[in-house]
Amino acid sequence: MARNFDSRAGVTVLSLILLCLTISNNIVPVAEAIWLTIPNSGAKCVSEEIQNNVVVLADYYVLNEEHPEHQATVSVRVTSPYGNNLHHNENVTHGLFAFTTTEGGNYLACFTLDGHQEPATGVTLSLDWKTGIAAKDWDSVAKKEKIEGVELEVRKLKDHAEAIHNNLLYLKQREADMREVSEKTNGRVAWFSVMSLGVCIVVSVLQLWHLKRFFHKKKLI
Amino acid sequence: MERRRKQIYVVAALLMSFISRIYSLSVTVNDVECVYEYVLYEGDAVSGNFVVVDHDIFWGSDHPGIDFTVTSPGDNTVHSIKGTSGDKFEFKAPRSGMYKFCFHNPYSTPETVSFYIHVGHIPSEHDLAKDEHLDPINVKIAELREALESVTAEQRYLKARDVRHRHTNESTRRRVIAYTVGEYLLLAAASTLQVMYIRRLFSKSVAYNRV
């Protein structure tokens, strides 16, 4: 009797672990993504301003709860800020893409519905978009450094703090660039205003000179 | 067997306590744009921020703003902000389920909104009491992680605001150059027209005795 109870408890615990593993490893991506509605016409685009040398990992799939017989498919196009095509897929219901950014700027992912679909309201797409520290593969780090449990969690926290520091340095650099532009514009406003006064004077002198010459010619002066 | 069961419990609890999701994306809002996010546990702290990034206003100094609403799975409005060009939000999820985050743009010009949503779970006293193999250290680690996530959230907000500021700066720079050159050309054109008009007044074809 006791052994039956033990084995049943063991089975429930193992199934609980399996559930945890699936939730955290995205094998069954049920609860780890945002849902977007793709309209029937036009594309639904999401973008993010990402800096240079950042890992981007994304996973998407189409949800087909109400109409299981109409398998809605989408086309995906991911473009870099300079227009390069990073990922392109047509007529799929799920997909995965990953890339490391080589230039800083706005990265755009566009989803369009394929063909004429039945539901008039549009289709729901689940998108799991991870950049930077969130996209880090902790399993390989744990295997390589042979750490686990609490030590792995503390290692994650340390890397997270480092990522925050790097982000702050990046923000500082951006702020310095913007301050330069601001100061240049400030200088230009002053310079152009004074120059406009100069242009005004020059133009009126030319006017007067031209009219004097004209009246001389007409023998009115 | 007993020790292995304890280890299994610890691993399971560790895995369960650190689930948290982060999304930082921009969407273009034409009229209404909704994003859905699943909250696993009741009582989870849902936090985030959003900034309206792309707006080219001609006159005026600030954007009239967009509206933001959060709807719970039971169709109740959990959180609502009206007429703002960027804000932070935070609330405790009253129940688990699918939450809807909607942006409403009351004006005809499409706006780009950069938003960030984070759902964080900290194992509570209740979870500690239920499972005696859950160490208080896991709670502290989860709290530390949530604190780091809140710093990350502030950073993303700052970054989005910086993008908007940069947009305004670039627009000012372009305007200064374009409007100054236009002003000089107009000035020259106005004075040329003046001269031409005066010349015409004195020309022989028009009766110049009138002048």
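Reminder, nothing fancy here: chain letters follow the sequence lines and each chain counts from 1.
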Which region of [X], side chain (C-beta onward) or backbone (N, CA, C, O), has a non-hydrogen atom less than 4.5 Å from a non-hydrogen atom of chain A, or is it both or neither?
X         : answer
Ile177(B) : both
Ser114(B) : neither
Gln155(B) : both

Q. Which one, Leu108(A), Val154(A), Asn167(A), leads in non-hydrogen pairs under 4.5 Å with chain B?
A. Asn167(A)

Q.
Just so I understand: if I count every heavy-atom pair under 4.5 Å between each of Thr131(A), Leu168(A), Asn106(A), Val202(A) and chain B, which residue has the most?
A. Leu168(A)

Q. Is the Phe202(B)-Phe215(A) ring centre distance short of 6.0 angstrom?
A. yes

With a cut-off of 6.0 Å (strictly less than), are more than 12 heavy atoms of other residues, nucleotides or ligands near [atom1] of [X]?
X         : atom1 : answer
Arg155(A) : CZ    : yes
Arg213(A) : CZ    : no
Glu175(A) : CD    : yes

Can you measure from [atom1] ([X]) to [atom2] ([Y]) and round to the nearest 0.5 angstrom?
X         : Y         : atom1 : atom2 : result
Arg156(B) : Leu171(A) : CZ    : CG    : 11.0 Å
Tyr36(B)  : Leu63(A)  : OH    : CG    : 11.0 Å
Met98(B)  : Trp35(A)  : CE    : CH2   : 4.0 Å
Ile133(A) : Leu148(B) : CD1   : CG    : 10.0 Å
Arg166(B) : Glu49(A)  : CZ    : CD    : 8.0 Å
Gln194(B) : Leu211(A) : CD    : CG    : 9.0 Å

Which answer fits [X], side chain, backbone, both or neither, if we ask what part of it has an atom under 4.5 Å from a heavy atom of chain B?
X         : result
Tyr170(A) : side chain
Lys184(A) : neither
Phe214(A) : side chain

(Q) Val163(B) vs Arg174(A), test: side-chain contact (heavy atoms from CB on, under 4.5 Å). Steps then yes/no. (A) CA-CA 9 Å; Val163(B) 166; Arg174(A) 296 252 305 191; 3.3 Å; yes

Q) Taking all non-hydrogen atoms of both residues, which atom of Asn169(B) and which atom of Met178(A) are closest, and how far apart? A) ND2-CG, 3.1 Å

